Amino acid sequence: MRRRPDFENVNTSTLRRLDHAWFARDALVLSRALLGCYLVHERGPDEPDSPPRVARIVETEAYRGPKDLASHARAGLTRRTRTLYGEEGHAYVFFIYGMHDCFNVTCGGAGRGHAVLIRAGEPTAGFAAGARLDGPGRFSRAMGISRRLDGHDLTANPLYLCARTGRPRIDVTPRVGVAYAGEWADKPWRFIDAASSHVSRPPRKAVGRG
DNA sequence: CATATGATTCCA
DNA sequence: GGAATCATATGA
């Protein structure tokens, strides 16, 4: 009988919190490293008595600073990109299309403008049955993440990241929704857990493997 | 100040 | 296919 993946039986009370140094890497490296990791949000402000919400990350995209024309970093240091250009390991949360918040993890070091967009996750603990975390807008909403948490230190309560419990097989595709970015739109900088059914847009055919 | 548009989602 | 809906960036 085939063994179940270890993340299906993970005891969320034993998860190991990632430390600051872990985030000090290029967004391309961190996009892969974040797959399978857990994001924990304790005590959402809207529901003070709810249990911690834990999601296993299954889809990420790399945004690599001002020369990457798909990235908000292309505008340079503005009020909006203050967090993006700040220290690694913090939450960069932006508002888009007049209705959605999107959650990113800053990385690579202060001043570089690197970040990883979290595009989907699997509900692991603390969610209602059938909760969907596929798509950056839905992920943020389900996790209770809004712009209030922009700039939050992701090694600190109430929102922090924990190490993965297994190593996923990775598929690679171009990024979603960045057609305006010319040659940068075609970069294969989207990474998904190839075994997950909670990915926002499964690739018809992956352009690469991890 | 005016305008265009977006790292999306939902409905028809 | 097209609407919803507004912060941000950009240019007058």
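All values reported here derive from a predicted model rather than from experimental measurement. Chain letters run A, B, ... following the sequence lines, proteins first, then strands; residues in each count from 1.
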Q. Can A:Arg32 be said to sit on top of A:Phe191's aromatic six-ring, NZ or CZ under 6.0 Å from centre and within 45° of the ring axis?
A. no

Q: Find the partner of C:dT5: check Watson-Crick (N1-N3 plus N6-O4 or O6-N4) and G-U wobble (N1-O2, O6-N3) distances, both under 3.5 Å, and reply none if neither fits.
A: none

Q.
Please give the distance between the C1' atoms of C:dA3 and B:dT5 as a whole number of Å.
A. 15 Å

Q: Take atom CZ of A:Phe94 and atom C1' of C:dC6, then tell me their distance rounded to the nearest Å.
A: 14 Å

Q. For A:Lys187 and B:dA7, what is the distance between atoms NZ and C1' respectively, to the nearest whole Å?
A. 17 Å

(Q) Measure CZ/A:Arg74 against P/B:dG6 and give the value in whole Å, please. (A) 8 Å

Q | Below 4.0 Å: OP1/OP2 of C:dT8 and any side-chain N or O of A:Thr78 | A | no

Q.
By the 4.0 Å heavy-atom rule, please label A:Ser71 as base, sugar-phosphate, or nothing.
A. base

Q.
Applying a 4.0 Å non-hydrogen cut-off, can you work out what A:Arg119 is touching in the nucleic acid: base, sugar-phosphate, or nothing?
A. sugar-phosphate

Q. With both distances kept under 3.5 Å, what pairs with C:dA12, Watson-Crick or G-U wobble?
A. none

**Q.** A:Tyr180 ring over B:dG6 six-membered base ring, under 5.5 Å and 30°
**A.** no

Q: Measure the distance from CG on A:Leu133 to P on B:dT8 and round it to the nearest whole Å.
A: 16 Å

**Q.** Residue that, paired with A:Leu161, satisfies side chain to side chain contact (heavy atoms under 4.5 Å, CB included) out of A:Phe23, A:Trp22, A:Tyr38
**A.** A:Phe23

Q | Rounded distance in Å - CZ (A:Arg138) to P (B:dT8) | A | 11 Å

Q) Over how many whole Å does the gap from A:Met99 atom CE to B:dA7 atom P extend? A) 14 Å

Q.
Mind checking if A:Arg190 touches a base, just sugar-phosphate, or nothing, with heavy atoms under 4.0 Å?
A. nothing

Q: May I ask you to evaluate whether A:His100 reaches the phosphate of B:dT9, defined as a side-chain N or O under 4.0 Å from OP1 or OP2?
A: no

(Q) Just so I know, are the side chains of A:Arg175 and A:Asp68 near enough to count as touching, which here means a heavy-atom distance under 4.5 Å? (A) yes

Q. Looking across every strand, which nucleic acid part, if any, lies under 4.0 Å from A:Arg141 by heavy atom: base, sugar-phosphate, or nothing?
A. sugar-phosphate

(Q) Rounded to whole Å, how long is the line connecting atom CG of A:Asp186 with atom P of B:dA7? (A) 16 Å

**Q.** Non-hydrogen side-chain atoms of A:Val58 and A:Phe7 separated by less than 4.5 Å
**A.** no

Q) Please give, in whole Å, the distance from B:dA7 C1' to A:Arg64 CZ? A) 16 Å

Q: Just say parallel, tilted or perpendicular for the rings of A:Phe94 and A:His72, cut-offs at 30° and 60°.
A: perpendicular

Q.
So A:Phe95, base contact, sugar-phosphate only, or nothing? Heavy-atom distance under 4.0 Å.
A. sugar-phosphate

